[in-house]
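Below: the structure, in structure tokens.
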Amino acid sequence: MKNPEAQQDVSVSQGIRMMFYVMKPSETSFQTLEEVPDYVRKATPLFISLMLLELVISWIRKGKPLGGLDDALASLSAGIMSQLPRLFYRSIELTSYVYIWENYRLISLPWDSPWTWYLTFLGVDFGYYWFHRMAHEVNIMWAGHQTHHSSEGYNLSTALRQSVLQIYTSWIFYSPLALFIPPSVYAVHLQFNLLYQFWIHTEVIDNLGPLELILNTPSHHRVHHGRNRYCIDKNFAGTLIIWDRIFGTFEAENEKVVYGLTHPINTFEPFKVQFHHLVNIWTTFWATPGLFNKFSVIFKGPGWSPGKPRLGLIEEIPEVEGKEVPFSSSASQLLKMYVVAQFALMLAFYEETFADKAVLSQVTLLLRVCFIILTLTSIGFLLDQRPKAAVLETFRCLVFLILCRSGHLKPCISSLSFAFELLLLLSHFSRVRLCA
């Protein structure tokens, strides 16, 4: 077995290959769960590099970027919020799996066998297909997954628009693997399956020829993100499109795809992006007569109502004309520059918090998480041009100064602490004048 410490390093070659699921069993097999690298966090530089590459290619081809800055910030904000619970505890997808493995496993397949590796690849992808399908067909699960579909753009930043709630149901579909697949092997493929799905969120790749028959590709996944009637509840695959072909949910891309929810939410505020459908379920639950119907609101499809089929009626999906204009922020360019600067500063604190979480106190971690959420919320308010945006941003700046003074946050360059705080206040008051 390799040195556990050495296994934490991921080479440039491995970093690129893991994004496309072309790693070898021999280099990604580990005896214990603790030895498995955090491939997703190590992919952060690749996420940024590929998004920049997509931006350049789009600019060359069309003279403009794919999607708006406001939509990209909303997607990145959702991704950040989905990761914050990891500062306090391990993902439920792993803890539940380990519990089943330790208490109920039937057999133990060898962790270092290529056969185990490939079987897990198929098992995780098959489990993802059924989780993903149920996330569209069961309303309470859709309440989590809809976050990922709420973007009206389709680019690599959309891949990072992840749900806070989704992992609390996805683990169910992987749990049968815990009866015979070691947790370390499962943890590797859970990450690779997720990483593979990053690069397929793009419009700069058209068609991949024969690979379209087997793999989930940008073309197939564009259909999945469409709100055209022919796109609804199609192409649930993670890595292999064969599951959709087998179970009758495959649809090829033909007419122009219009992206987003069938009823756009028209907001960049992170809590609405994450939880608005839960509010809708709550309202519909109490407005629907009959106990059986009330539970049907929760467990049948998002389009169901009394007297309709389980998944609702496709005829009730609003028609698209291909001329739809995505929701965009009415904020000034200067205000958007301010928002980007604050987001970048928050991102630096976010990365530092994850890097130092082992040495930070629980109080500091909690305060930093609250500040990150406050920042994301304030950014959403500013982009939405909410009436209370200036008040919330003023409060956020004061909280920042208090956390810095109390030692729970620190500027990137401690020797410039006072200048940094002064610059923050000056930029804030300039922004307030812009909002007036």
Side-chain angles (χ1 to χ4, degrees), residues 15-22 39-40 43-80 82 125 128 132 145-163 191-228 230-231 234-241 244 250-261 273 320 322 324-328:
I16 295 172
R17 287 185 290 116
M18 73 184 183
M19 299 296 291
F20 301 95
Y21 222 135
V22 288
Y39 290 110
V40 174
T44 299
L46 284 164
F47 291 157
I48 297 171
S49 300
L50 288 173
M51 284 191 287
L52 291 175
L53 178 61
E54 180 189 44
L55 180 66
V56 170
I57 294 174
S58 174
W59 206 288
I60 292 172
R61 283 186 177 182
K62 301 182 178 181
K64 61 179 182 179
L66 289 172
L69 173 66
D70 40 22
D71 187 75
L73 288 175
S75 293
L76 295 174
S77 296
I80 288 170
S82 73
D125 202 48
Y128 178 82
H132 196 184
H145 188 60
Q146 60 78 30
T147 299
H148 182 61
H149 283 266
S150 61
S151 172
E152 293 182 79
Y154 190 77
N155 51 58
L156 292 177
S157 71
T158 309
L160 303 179
R161 185 179 286 228
Q162 296 294 319
S163 168
Q191 295 185 79
F192 288 168
N193 190 274
L194 178 64
L195 290 172
Y196 178 90
Q197 294 178 58
F198 175 76
W199 71 273
I200 62 176
H201 288 82
T202 186
E203 289 187 302
V204 301
I205 299 174
D206 296 324
N207 189 284
L208 296 179
L211 293 178
E212 303 278 340
L213 297 173
I214 302 171
L215 298 175
N216 193 13
T217 63
S219 176
H220 296 330
H221 206 58
R222 284 194 290 269
V223 171
H224 179 71
H225 271 260
R227 68 179 197 245
N228 314 55
Y230 87 94
C231 298
K234 301 295 182 183
N235 300 358
F236 299 111
T239 303
L240 299 174
I241 201 66
D244 287 287
F250 175 75
E251 187 69 45
E253 185 179 26
N254 46 69
E255 63 187 69
K256 179 183 176 181
V257 177
V258 178
Y259 304 108
L261 300 174
V273 170
V320 298
E324 287 75 9
V325 178
F327 176 71
S328 61

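Partners of V56 under the side-chain contact (heavy atoms from CB on, under 4.5 Å) rule, at least two apart in sequence or in another chain, are I60. Contacts of S77 classified as side-chain hydrogen bond (donor to acceptor under 3.5 Å, both in side chains), with partners at least two apart in sequence or in another chain: none.
H224 and F236 have perpendicular rings, their planes meeting at more than 60° on a 0 to 90° scale where under 30° would count as parallel.
Within the model, atoms CD of E203 and CG of N155 stand 8.0 Å from one another, a figure rounded to the nearest 0.5 Å. Distance check, rounded to the nearest 0.5 Å: OH of Y21 to CG of L195 gives 9.5 Å. With values rounded to the nearest 0.5 angstrom, L213 atom CG is found 12.5 Å from L240 atom CG. Note that CG of L215 is 8.0 Å distant from CG of L208, once rounded to the nearest 0.5 Å. Going from atom OH of Y196 over to atom CG of D125 covers 9.0 Å, rounded to the nearest 0.5 Å. The OG atom of S49 lies 9.0 Å from the CD1 atom of I16; values are rounded to the nearest 0.5 Å.
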**Request:** Show your reasoning for whether side chain to side chain donor-acceptor pair (under 3.5 Å) applies to H148 and H201.
**Result:** CA-CA 11 Å; H148 182 61; H201 288 82; 3.0 Å; yes
**Message:** Run K234 and F250 through side-chain contact (heavy atoms from CB on, under 4.5 Å) and show every step you take.
**Reply:** CA-CA 6 Å; K234 301 295 182 183; F250 175 75; over 6 Å; no
**Asked** Between E253 and H220, does a side chain to side chain donor-acceptor pair (under 3.5 Å) hold up when you go through it step by step?
**Response** CA-CA 6 Å; E253 185 179 26; H220 296 330; over 6 Å; no
**Message:** Run Y259 and H225 through ring-ring contact (aromatic ring centres under 6.0 Å, His included) and show every step you take.
**Reply:** CA-CA 6 Å; Y259 304 108; H225 271 260; 7.2 Å; no
**Item:** Trace of the side-chain contact (heavy atoms from CB on, under 4.5 Å) decision for E212 with I241
**Value:** CA-CA 8 Å; E212 303 278 340; I241 201 66; over 6 Å; no
**Item:** Trace of the ring-ring contact (aromatic ring centres under 6.0 Å, His included) decision for Y39 with F192
**Value:** CA-CA 8 Å; Y39 290 110; F192 288 168; 4.8 Å; yes
**Prompt:** Hey, mind stepping through H145 and H149 against side chain to side chain donor-acceptor pair (under 3.5 Å) and telling me if it holds?
**Reply:** CA-CA 7 Å; H145 188 60; H149 283 266; 3.1 Å; yes
**Worked check of side chain to side chain donor-acceptor pair (under 3.5 Å) between S219 and N207** = CA-CA 6 Å; S219 176; N207 189 284; 4.9 Å; no
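T147 contributes a side-chain N or O that, together with a main-chain N or O of V273, makes up a donor-acceptor pair within less than 3.5 Å. Of the possible polar contacts, none joining the D70 side chain to the S328 backbone as a donor-acceptor pair under 3.5 Å is found. In this structure, N228 contributes its side chain and V258 its backbone to a donor-acceptor pair below 3.5 Å. With E54 contributing its side chain and T202 its backbone, the two residues share no donor-acceptor pair below 3.5 Å.
In this structure, L261 and R227 approach most closely via the heavy-atom pair O-CD, 3.0 Å. The two residues I200 and Y154 have their closest heavy-atom pair at O-OH, 2.7 Å.
Heavy-atom contacts from other residues, nucleotides or ligands closer than 6.0 Å to CD1 of I205 number more than 12.
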